[in-house]
Amino acid sequence: MAGKKADPGQLSFDLPQEPAVIEEQPEGRVVRVLTDVTAIDRAFDYLVPSTWEADGRSEALQIGSSVRIPLAGRRVGGWVIADNVEPPPGVKLRSLAKLSSRGPSEEIIDLARWAAHRWAGRLSSLLKTASPAVNVTRIPPAPAHIEAHGKEATWAARALEQPCTSLRLPPGFSVLPLLKAAARRGDTLVIVPTLKQAQRLALEVRQAGLPVALMPRDWARAAAGGMVIGTRSAVLAPVANLAAVVVIDEHDEAHQEERNPTWHARELAIERARRAGVPCVLTSPNPSLEALAWGEAQMLPRAEERQGWPKVDLIDRRPDDPVRSGLLSEALVPLIRGEQGDPVVCVLNRKGRSRLLACAQCGNLICCEDHQVPLTQDDQEVLICPIDQVRRPAVCESCGSVRFKNLRAGVTRVREELEALARRPVVEVTADTPESDLKQAKLLVGTEAVLHRVDRAACVVFLEFDQELLAPRTRASEQAMALIIRAARLLGGRQDGGRLAIQTRLPDHEVLQATLLSDPSRLVEPETVRRQLLNLPPFSALAQISGAAAQAFITNLGRPEEVDVLGPRDGAWLIRAKTAEKLADVLAQVERPPGRLRIEVGPLRS
DNA sequence: CGGACAAGCTGA
DNA sequence: CAGCTTGTCCGG
């Protein structure tokens, strides 16, 4: 186990100055409690009431226990983070008010402390994540150990041989053999990106006859033993006898917490496994460079890997004559009419109705003369100013043409056009489309969120993929690939007969070529070169500082050696260091100014 | 965070 | 100088 790091910036205990004479030593056991009030972020010492001896509460109370404490005239919650401590002299100790619940073990608290330092956040925020949602007072008996049936897949067993393995598995390939192989070794912790995936996987594992706890619901059951499956917060779950850690789809951005501290489940999983001396397996159809930093990816034989990807149609829009809005090409017609099977899911990454119209004749943008903003088009061929809602006929002001070209079609508009072209009903999928509508629909359209709401499809169409490829984000390629992987999951492998259609004017783009050839290794080299050239993670570590107190923080930071400070841009600064450890050390040394401050370590955007 | 308390401001 | 607002400090 790695040594605990002293963390001067995070917790101040006002330790006693080695008292010469110990006098008036308070009677009884004293514990140190970290409050769950984020703004306090301090630990205080409390007496364990002597009455707790008799009813077993004293025995149940241990490091990690969740307690209520009197503090400044009110009761607040907290965690016991040290036992049998010597309180600072001269303070009048108060007694614990209540033993609320079991909490994280000492190992998890140490891991949380490491994460709080690594992501420059508060320990209490991580302990909250590590604690049960509802109070737990007893742990159920351990489930009987059940041996997974069937013979062990060699690739799965091999992945568990090393301390940390990046395992490249195509989207249509089940991870169940890996989980079974891990379960043979003992209790396994499995981290997946979404709750839906966690539920589905837990069901599969249960059907395979293995005991499984679904986090965060089954905190107590997780502590009892068996396999533990959950989303990122499960990386701090109690696991009885940890034997392996598996991170599924480690490339997925859902593994990173979006609130402060922005910890990443992949990195935490690796550290947890390392501390426990058990293997950590990171799976992904397209391993992140961060995962590949642990060594070359293990993979299936190429022929087998290809079978795990769907068939891909790249629809090159360049020589195309546009149909209707120009968004739907002739080549789509057989697909959206269901000739390759149903349901067909169309993805368009834009929201709302047409926002930007141009005259088809003279090319002028259709704007409001008074407010200089683009006009929107109504159902009844009327133009509306978004500022004062004034309506006028749909006629070009400069040439009188009544034909407009939609430069930014929204989902609603595309739905109508799809319906006309497919000659059948199209369901527009939004956050509040009822589940029943989704189940019956044969043809659907929505933003990328539609890929989360539908379970299976015979065909997925990306109506306009170029904006993903050209997005001005450092992780654009990776994010585009993640989207393709999500789509491929709905389609299954090659033998399932699903089709992935992508409309593009960039058919030679490396992401699309990698998809077409079912070969993500084509992305590794160009992406590595690019990141190295721009000095981006994993070849550096970044933190974004924003909020009202950001300026003061940067002033306090000064100009440490081997650290770059970039910005401000839009009121935010970027701090770059060679390694995550260096970055964390530098951030921890800065005196925190009062006021709102957001420190985003390893930002996904920018 | 939320209470306590001190310092500063206002009105007569 | 009471009565109030605003700011700073501290909690075991």
Side-chain angles (χ1 to χ4, degrees), chain A residues 4 6-53 57-58 60-101 103-104 106 109 112-113 116 119-131 133 135 257 259-261 546-553 555-556 588 590-599:
Chain A
K4 293 181 230 178
D7 206 347
Q10 289 300 309
L11 301 168
S12 50
F13 298 133
D14 306 328
L15 291 174
Q17 298 274 338
E18 204 64 45
V21 188
I22 299 165
E23 47 180 344
E24 293 175 47
Q25 183 68 18
E27 289 290 305
R29 180 174 166 206
V30 178
V31 291
R32 187 154 294 161
V33 179
L34 178 73
T35 68
D36 66 2
V37 185
T38 22
I40 300 178
D41 195 38
R42 273 187 61 190
F44 302 98
D45 294 343
Y46 288 86
L47 271 168
V48 180
S50 52
T51 52
W52 287 20
E53 267 322 320
R57 272 184 287 179
S58 185
L61 182 78
Q62 50 182 291
I63 289 181
S65 291
S66 167
V67 292
R68 304 279 302 168
I69 48 170
L71 184 73
R74 67 207 160 116
R75 275 189 186 186
V76 298
W79 297 270
V80 174
I81 56 164
D83 203 347
N84 297 311
V85 296
E86 195 172 295
V91 296
K92 173 166 115 267
L93 287 181
R94 313 200 63 176
S95 291
L96 295 174
K98 192 186 168 213
L99 173 59
S100 307
S101 173
E106 200 167 353
I109 293 177
R113 203 174 266 127
W119 283 279
R122 297 196 151 129
L123 179 58
S124 60
S125 123
L126 284 139
L127 292 187
K128 217 169 274 174
T129 306
S131 302
N135 290 345
E257 170 65 52
R259 290 163 303 186
N260 258 352
S546 56
Q551 173 75 74
F553 184 91
T555 308
N556 292 354
V590 180
E591 195 192 323
R592 295 290 175 98
R596 281 200 61 80
L597 183 71
R598 182 174 162 83
I599 301 180

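Chain letters run A, B, ... following the sequence lines, proteins first, then strands; residues in each count from 1.
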Discussion item. For chain A and DNA chain B, what are the first and last nucleotides along the strand, 5' to 3', with at least one atom under 4.0 angstrom from a heavy atom of the protein chain?
Written reply: B/dC1 to B/dG2
Throw together a table of side-chain donor-acceptor distances under 3.5 angstrom for residues 63-70 of chain A, partners on residues two or more places apart or in other chains.
from: A/S65; atom 1: OG; to: A/Q62; atom 2: N; distance (Å): 2.9
from: A/S65; atom 1: OG; to: A/Q62; atom 2: O; distance (Å): 2.9
from: A/R68; atom 1: NH2; to: A/R75; atom 2: O; distance (Å): 3.3

Response to the item:
Across all chains, not counting sequence neighbours, the side-chain contact (heavy atoms from CB on, under 4.5 Å) partners of A/V590 are A/F553, A/N556, A/L557
Worksheet item: Under the salt bridge (Lys or Arg N to Asp or Glu O under 4.0 Å) test, which residues partner A/R94, sequence neighbours left out?
Response: none
Response to the item:
Rounded to whole Å, the CG-P distance (A/L71 to C/dG12) equals 6 Å
Worksheet entry | Interatomic distance where CZ belongs to A/R68 and P belongs to C/dG12 [whole Å] | 16 Å
Worksheet item: Which residues pass the ring-ring contact (aromatic ring centres under 6.0 Å, His included) test with A/W79, sequence neighbours left out?
Response: none
Discussion item. Measure OH/A/Y46 against P/C/dG11 and give the value in whole Å, please.
Written reply: 11 Å
Discussion item. List the residues meeting side-chain contact (heavy atoms from CB on, under 4.5 Å) with A/A548, not counting sequence neighbours, and say none if there are none.
Written reply: none
Worksheet item: What is the distance from CZ of A/R74 to C1' of C/dC10, rounded to the nearest Å?
Response: 11 Å
Discussion item. Between A/R592 and A/L597 (side chain of the first, backbone of the second, donor and acceptor by atom type, cut-off under 3.5 Å), is there such a pair?
Written reply: no
Worksheet item: Between A/D41 (CG) and C/dG12 (P), how many Å, whole number?
Response: 17 Å
